[in-house]
**Student:** 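Take this structure first; my questions come after.
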Amino acid sequence: MAARQIAITYCFTMEYCVGFNTLPEGCVSTILSLTSPPDASKSSLVSSIFRAAAESDVVWERFLPADYHDILSRLAEPLVVSSKKELFLRLCDPSLIDGGKKRFRLDKWSGKNSYMMSARELSISWSHDPTHWSWTSIPESRFSEVAELKTVCRLEIHGKIRTQMLSPNTKYGAYLIIKISNRAFGLDLMPSEISVQVSNSTQVCNGTAYLRCSDSKNKQMERLFYGNRGEMLRSRVIEGDGRVPCERRDGDGWMELELGDFFNGEGDEEVRMSLREVKGYHLKGGLIIEGIEVRPKDSRK
């Protein structure tokens, strides 16, 4: 961070120290590579030398993840680009990888990695039983399949990711990406238990969440059907923060529920993420799961 601030300050104050025409383009490129993607783009307004340097592969390769060659080899559809800057910008749009079972993108502000694991990459209780779940394709999802809950009494969703896939020294959040259908029932009768845990670490983030139904008529019917049983069921769960899903900032029609967060250092650990509702033993249905997204928490739109 200190190097970046020095570089930014140098870029926009050195006009008073030396003439831009005396600075080699390679020197300017090195300076810009220590800033950020937005800062490098803005610097192109300073002078023609900065404009040329801001387009150079030297700058934009620095903003790409160290393992970008591996990521490119895993793309479901290959990218054809003419520069590292174009490659960076294309990777800022979500791209399917690993046979279409994951989605990758770069944060456009920081260049840090984000991944979404599709529902097929998750461990979902009873998901292979067509009595309880159906696997279907919907136009709102870029994945070929999503999981739609018909009915279960025990709901368990587990996901995992290796920290080596993520950007180092970054705080990440894990988000369950869902829809709740108009036919949903029993999902928010009692809170679900949510957790994010890093293996071989003291990092554990636990809480509770309600899979809220947006249909008020559904909630009225549930109150009539279950009566006071809801209060009894909720008493079985340790009190938490009671998170609820919210609309995604992408405006893609999905909701997201934050399961927890963790700090990724420079090692290679396994992060385990989960949502469980196994204490109510009541029937529930109408939940549609697209996947779990792991993304930097400090990213901006």
Side-chain angles (χ1 to χ4, degrees), residues 1-7 33-37 39 58-76 84 87-88 91-92 94-124 156-177 193-207 209 240-241 243 256-276 291-300:
M1 182 61 71
R4 177 189 165 190
Q5 289 302 117
I6 292 171
S33 71
L34 298 174
T35 63
S36 68
D39 292 329
V58 172
V59 172
W60 291 94
E61 181 149 17
R62 181 71 176 264
F63 298 146
L64 291 167
D67 61 344
Y68 78 89
H69 289 292
D70 176 63
I71 293 167
L72 292 176
S73 71
R74 295 158 59 193
L75 290 175
K84 293 297 193 297
L87 175 59
F88 177 89
L91 289 178
C92 287
S95 301
L96 294 176
I97 63 171
D98 296 347
K101 293 183 178 180
K102 294 189 186 76
R103 203 166 70 185
F104 171 85
R105 74 171 164 185
L106 292 178
D107 176 63
K108 64 182 180 181
W109 297 99
S110 64
K112 294 181 178 180
N113 297 357
S114 296
Y115 284 90
M116 184 189 293
M117 293 152 287
S118 70
R120 280 292 188 188
E121 287 283 278
L122 308 179
S123 174
I124 304 173
E156 293 190 68
I157 304 165
H158 298 269
K160 59 186 179 181
I161 191 170
R162 302 296 305 189
T163 60
Q164 193 175 41
M165 297 170 61
L166 306 174
S167 299
N169 302 314
T170 302
K171 187 175 184 180
Y172 275 89
Y175 304 84
L176 180 66
I177 311 303
E193 296 171 293
I194 55 178
S195 175
V196 172
Q197 181 174 5
V198 181
S199 64
N200 302 320
S201 169
T202 58
Q203 290 193 76
V204 181
C205 187
N206 295 319
D241 49 4
R243 297 176 184 177
E256 64 182 29
L257 174 66
E258 184 176 349
L259 302 176
D261 55 39
F262 63 95
F263 182 79
N264 183 37
E266 298 183 353
D268 183 23
E269 309 287 350
E270 182 177 80
V271 181
R272 297 186 290 271
M273 305 150 283
S274 67
L275 179 144
R276 302 172 71 246
I292 292 179
E293 183 177 41
V294 179
R295 67 172 189 258
K297 288 206 71 173
D298 57 352
S299 61
R300 299 174 291 172

**Student:** Got a sec, which residues hit side-chain contact (heavy atoms from CB on, under 4.5 Å) with Arg103, two or more places apart in sequence or on another chain?
**Tutor:** Pro94, Leu96, Met116, Arg142, Phe143, Arg248, Glu290
**Student:** How far does CG of Leu176 sit from CG of Leu122, to the nearest 0.5 angstrom?
**Tutor:**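 Rounded to the nearest 0.5 Å, the CG-CG separation comes out at 8.0 Å.
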**Student:** If you measure from CG on Leu91 to CG on Leu106, what distance do you get to the nearest 0.5 Å?
**Tutor:** 5.0 Å
**Student:** Can you name the side-chain contact (heavy atoms from CB on, under 4.5 Å) partners of Asn200, sequence neighbours left out?
**Tutor:** Glu269
**Student:** Quick one: list whatever passes side chain to side chain donor-acceptor pair (under 3.5 Å) with Glu61, sequence neighbours left out.
**Tutor:** Tyr68
**Student:** Check this for me, if you would: do Asp268 and Arg162 make a salt bridge, where the nitrogen-to-carboxylate-oxygen distance has to be below 4.0 angstrom?
**Tutor:** yes
**Student:** Counting distance only, does the side-chain N/O of Asn113 pair as donor-acceptor with the main-chain N or O of Met165 below 3.5 Å?
**Tutor:**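 Checked: pair present.
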**Student:** Arg74: what forms a side chain to side chain donor-acceptor pair (under 3.5 Å) with it, not counting sequence neighbours?
**Tutor:** Asp70, Asp98
**Student:** Would you call Arg272 and Ser199 a side-chain contact if the rule is heavy atoms closer than 4.5 Å?
**Tutor:** yes
**Student:** Walk me through it: do Asp261 and Val196 pass the test side-chain contact (heavy atoms from CB on, under 4.5 Å)?
**Tutor:** CA-CA 7 Å; Asp261 55 39; Val196 172; over 6 Å; no
**Student:** With sequence neighbours left out, what residues match Ser95 under side chain to side chain donor-acceptor pair (under 3.5 Å)?
**Tutor:** none
**Student:** Holding to side chain to side chain donor-acceptor pair (under 3.5 Å), I want the full list of residues that pass it with Asp67, two or more places apart in sequence or in another chain.
**Tutor:** none
**Student:** Grab the two heavy atoms, one from Cys92 and one from Lys108, that are nearest each other, plus how far apart they are.
**Tutor:** SG-CA, 3.7 Å
**Student:** Nearest 0.5 angstrom please: Asp107 CG to Phe63 CZ, how far?
**Tutor:** 12.5 Å
**Student:** Using side chain to side chain contact (heavy atoms under 4.5 Å, CB included) as the criterion, point out the one residue from Leu166, Asn169, Ile161 that pairs with Asn264.
**Tutor:** Leu166
**Student:** Is the count of non-hydrogen atoms from other residues, nucleotides or ligands lying under 6.0 Å from Glu270 atom CD greater than 12?
**Tutor:** yes
**Student:** Does anything in residues 111-123 pair up under salt bridge (charged side-chain N to carboxylate O under 4.0 Å, His left out), and if so which pairs, sequence neighbours excluded?
**Tutor:** Lys102-Glu121, Arg120-Glu145
**Student:** Going from NZ on Lys101 to CE on Met117, what distance comes out if it is rounded to the nearest 0.5 angstrom?
**Tutor:**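 So the NZ of Lys101 and the CE of Met117 are separated by 14.0 Å.
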**Student:** Test Ile194 against Arg243 for side-chain contact (heavy atoms from CB on, under 4.5 Å), laying out the working first.
**Tutor:** CA-CA 9 Å; Ile194 55 178; Arg243 297 176 184 177; 3.9 Å; yes
**Student:** Taking Ser118 for the side chain and Gly100 for the main chain, is one N or O donor matched with an acceptor at less than 3.5 Å?
**Tutor:** no
**Student:** Locate the shortest heavy-atom distance separating Ile71 from Pro65; write the atom from each residue and the value.
**Tutor:** CD1-CG, 3.9 Å
**Student:** Excluding sequence neighbours, so at least two apart, what forms side-chain contact (heavy atoms from CB on, under 4.5 Å) with Pro168?
**Tutor:**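 For Pro168, the residues satisfying side-chain contact (heavy atoms from CB on, under 4.5 Å) (neighbours in sequence not counted) are Glu266.
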**Student:** Kindly write out the residues that satisfy ring pair (Phe, Tyr, Trp, His ring centres under 6.0 Å) with Phe88, not counting sequence neighbours, or none if the list is empty.
**Tutor:** Trp60
**Student:** Measure the OH-CD distance between Tyr175 and Glu293 for me, rounded to the nearest 0.5 Å.
**Tutor:**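 Answer rounded to 0.5 Å: 8.0 Å.
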**Student:** Could you tell me whether the side chain of Tyr172 and the main chain of Ser167 form a donor-acceptor pair under 3.5 Å?
**Tutor:**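 Here the side-chain-to-backbone pair exists.
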**Student:** Which residue pairs satisfy the salt bridge (charged side-chain N to carboxylate O under 4.0 Å, His left out) criterion with at least one member in residues 194-204, sequence neighbours excluded?
**Tutor:**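 Sorted pair list comes back empty.
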**Student:** Suppose we screen for salt bridge (charged side-chain N to carboxylate O under 4.0 Å, His left out). Which residues come up paired with Glu156, at least two apart in sequence or across chains?
**Tutor:** Arg154, Arg276
**Student:** Measure across Arg295 and Ser114 and return the closest heavy-atom pair with its distance rounded to 0.1 Å.
**Tutor:**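 Closest approach of Arg295 to Ser114, heavy atoms only: CB-OG, 3.3 Å.
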**Student:** Hey, could you give me the CD1/OG distance between Ile157 and Ser274, rounded to the nearest 0.5 Å?
**Tutor:** 9.5 Å
**Student:** Is there a donor-acceptor contact under 3.5 Å from the side chain of Ser195 to the main chain of Asn206?
**Tutor:** no
**Student:** What do the steps show when you test Glu193 against Leu275 for side-chain contact (heavy atoms from CB on, under 4.5 Å), and what is the final call?
**Tutor:** CA-CA 6 Å; Glu193 296 171 293; Leu275 179 144; over 6 Å; no
**Student:** Are any of the side-chain heavy atoms of Phe263 and Thr170 separated by less than 4.5 Å?
**Tutor:**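 Counting from C-beta outward, Phe263 and Thr170 never come under 4.5 Å.
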